[in-house]
Amino acid sequence: MKDRKSGSKTEYTPADTPMTPDMEEELIPLLDTPEGAAAGARKRRRRKLSKRIIALICVGAFIFVILAIAFGAWIAFLVVDNTLTIWSPDYDEVDISEILNKYLVNGEELTDDDYKTLYEQTGVTKIGVDRALEKGTLGKSRLLTIQEDYFTEHTIEHDKFAPYVCTDKLDSDYVQNIYLEPGDIFVTSSTHITGWKMGHAGIVTANGKVMQAMAYGTPTYEGSVSYFTNRVNYMILRPKTDDETRTAAADLALSLAGTEYNAIAGFFTPKDSVEYGTQCAHLVWYCYYEQGIDLDSDGSWLVTPNDIANSPNVELVQVFGFDPYKLWS
């Protein structure tokens, strides 16, 4: 740099630069003096303290997120429990004996309007009604019992069997179901995790019982029909195929007794296999998939009871606790 007066160059040294307090603080730890050592120690303590504060903030944020999720799940769980209702008709109950006697006494075929009335009064479709009519007066008696249950107001019992997991059941023992055939499918939305109604499913065997995959620690087993008919809702479905195929699916299910439970079967494991375990809807799906019928309505890796309930390859036999015209949509 040139001096303005002489035009000669003037060189500046660091000593010519003014020292600020911050610069002095930075230089003190470098000095081999007691003051420098003390300043260096203070600086190191501040750095350690800053790291601890950052770590505490991160841990606190993580705990806050976990607690927020848990609180939200708890709220959703309470909302489902406190708002749950069992669908029941908002129209009058009528005497269906006259309709049933048209066939049982007079030998007349029922009309579409007859079947529509019976469905609205019992939740039983033409498939189920015809099964009952084949049983004669016993079938008529069963349909009348189903109608009584259909119009009865039921109270709900919340069976909490795990954190945020609950099965909603009837306070009474169970309601009457229509006659079953091998290969029929039960589905219900009555089991929920927080606000998600994951439901449950099972397949009817030739023994008149239901094969179901329940939970970890409980291998697949053949259980009572009442395990579904004591729920706040259920549907009985029949896959659209012949009796021989449905029976083959039921027999396959029975042969899978003892298969270990795997809640995510088909997600991280091959969907078309039970080698690594199965869950309720996967069991039903697999037994029919082996017969060449795909009951998974959305085709995803993980099959759920709702997927089966909405499959175009099934038809309704009986509904209870769901709106008969909306079902589990």
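Worth knowing before you read on, the calculation uses all heavy atoms, side chains too, and leaves out hydrogens, waters and symmetry mates.
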Visitor: Look only at the side chain of Gln291 and the backbone of Cys287, and say whether a donor-acceptor pair between them is shorter than 3.5 Å.
Guide: yes
Visitor: Considering only residues two or more places apart or on different chains, which pairs with a residue in residues 85-112 satisfy salt bridge (charged side-chain N to carboxylate O under 4.0 Å, His left out)?
Guide: Lys102-Asp114
Visitor: Between Tyr221 and Met211, is there a side-chain heavy-atom distance shorter than 4.5 Å?
Guide: no
Visitor: Throw together a table of side-chain donor-acceptor distances under 3.5 angstrom for residues 249-261, partners on residues two or more places apart or in other chains.
Guide:
| unit_1 | atom_1 | unit_2 | atom_2 | d |
| --- | --- | --- | --- | --- |
| Ser255 | OG | Leu252 | O | 2.6 |
| Thr259 | OG1 | Leu256 | O | 2.6 |

Visitor: Go through the steps for Ser190 and Asn233 under the test side chain to side chain donor-acceptor pair (under 3.5 Å), then give the verdict.
Guide: CA-CA 6 Å; Ser190 59; Asn233 57 51; 4.8 Å; no
Visitor: Could I get the full list of side chain to side chain donor-acceptor pair (under 3.5 Å) partners for Asp272, not counting sequence neighbours?
Guide: none
Visitor: With rounding to the nearest 0.5 angstrom, report the CG to CZ distance, Asp149 to Phe320.
Guide: 6.5 Å
Visitor: Could you give the side-chain donor-acceptor pairs of residues 322-329 under 3.5 Å, partners two or more places apart or in another chain?
Guide:
| unit_1 | atom_1 | unit_2 | atom_2 | d |
| --- | --- | --- | --- | --- |
| Asp323 | OD1 | Tyr325 | N | 2.8 |
| Asp323 | OD1 | Lys326 | N | 3.4 |
| Tyr325 | OH | Glu120 | OE2 | 3.0 |
| Ser329 | OG | Lys326 | O | 3.2 |

Visitor: What are the two closest non-hydrogen atoms of Asp294 and Ser311, and how far apart are they?
Guide: O-OG, 4.1 Å
Visitor: So, for Val232 and Ile86, which heavy atoms are closest and what is the spacing to 0.1 Å?
Guide: O-CG2, 3.5 Å
Visitor: Give me the one residue out of Lys209, Arg246, Arg131 that meets salt bridge (Lys or Arg N to Asp or Glu O under 4.0 Å) with Asp184.
Guide: Arg131
Visitor: Do side-chain atoms of Thr125 reach the backbone of Val317 as a donor and acceptor pair under 3.5 angstrom?
Guide: yes
Visitor: The criterion is side chain to side chain donor-acceptor pair (under 3.5 Å); which residues satisfy it with His154, sequence neighbours excluded?
Guide: none
Visitor: Is it true that Leu180 and Leu138 fall in one hydrophobic cluster, defined by side-chain heavy atoms closer than 4.5 Å?
Guide: yes
Visitor: Looking only at heavy atoms, what is the nearest atom pair of Gly128 and Ile178, with distance?
Guide: O-CG1, 3.5 Å
Visitor: Any chain of hydrophobic side-chain contacts (each under 4.5 Å) joining Ile264 to Tyr276?
Guide: no
Visitor: Supply the atom-to-atom distance Ser273 OG to Glu290 CD, rounded to the nearest 0.5 angstrom.
Guide: 9.0 Å
Visitor: Between side-chain atoms of residues 234-242 and protein atoms elsewhere (two or more places apart, or another chain), which donor-acceptor pairs fall under 3.5 Å?
Guide:
| unit_1 | atom_1 | unit_2 | atom_2 | d |
| --- | --- | --- | --- | --- |
| Tyr234 | OH | Gln176 | O | 3.3 |
| Tyr234 | OH | Gln318 | NE2 | 3.3 |
| Arg238 | NE | Glu315 | OE2 | 3.3 |
| Arg238 | NH2 | Glu315 | OE2 | 3.0 |
| Lys240 | NZ | Pro312 | O | 3.0 |
| Thr241 | OG1 | Thr245 | OG1 | 3.4 |
| Asp242 | OD1 | Glu244 | N | 3.2 |
| Asp242 | OD1 | Thr245 | N | 2.7 |
| Asp242 | OD1 | Thr245 | OG1 | 2.9 |

Visitor: If I compare all heavy atoms of Gln279 with all of Ala213, which pair ends up nearest, and what's the gap?
Guide: C-CB, 3.6 Å
Visitor: Could you walk me through whether Thr304 and Asn306 pass the side chain to side chain donor-acceptor pair (under 3.5 Å) test, one step at a time?
Guide: CA-CA 5 Å; Thr304 67; Asn306 181 260; 5.0 Å; no
Visitor: What's the verdict on side chain to side chain donor-acceptor pair (under 3.5 Å) for Ser189 and Arg231, showing C-alpha distance, side-chain angles and the deciding distance?
Guide: CA-CA 9 Å; Ser189 70; Arg231 305 290 187 106; over 6 Å; no
Visitor: Same hydrophobic cluster for Tyr174 and Val204, using side-chain heavy-atom links shorter than 4.5 Å among ILVMFWY?
Guide: no
Visitor: Please identify which of these residues, Leu100, Val124, Ile146, meets the side-chain contact (heavy atoms from CB on, under 4.5 Å) condition with Leu118.
Guide: Leu100
Visitor: Do Tyr150 and Tyr115 sit in the same hydrophobic cluster, where Ile, Leu, Val, Met, Phe, Trp and Tyr count as joined when their side-chain heavy atoms come under 4.5 Å apart?
Guide: yes
Visitor: So, for Leu295 and Tyr288, which heavy atoms are closest and what is the spacing to 0.1 Å?
Guide: CD1-CD1, 3.7 Å
Visitor: Enter the distance from Leu133:CG to Tyr179:OH here, rounded to the nearest 0.5 Å.
Guide: 10.0 Å
Visitor: Do you know the tightest heavy-atom contact between His200 and Phe228?
Guide: CD2-CZ, 3.3 Å
Visitor: Considering residues, nucleotides and ligands other than Phe267, do more than 12 of their heavy atoms fall under 6.0 Å from its CZ?
Guide: no
Visitor: Do the side chain of Tyr91 and the main chain of Gln121 share a donor and acceptor less than 3.5 angstrom apart?
Guide: no
Visitor: Could you measure the distance from the NZ atom of Lys169 to the OG atom of Ser226? Nearest 0.5 Å is fine.
Guide: 9.5 Å
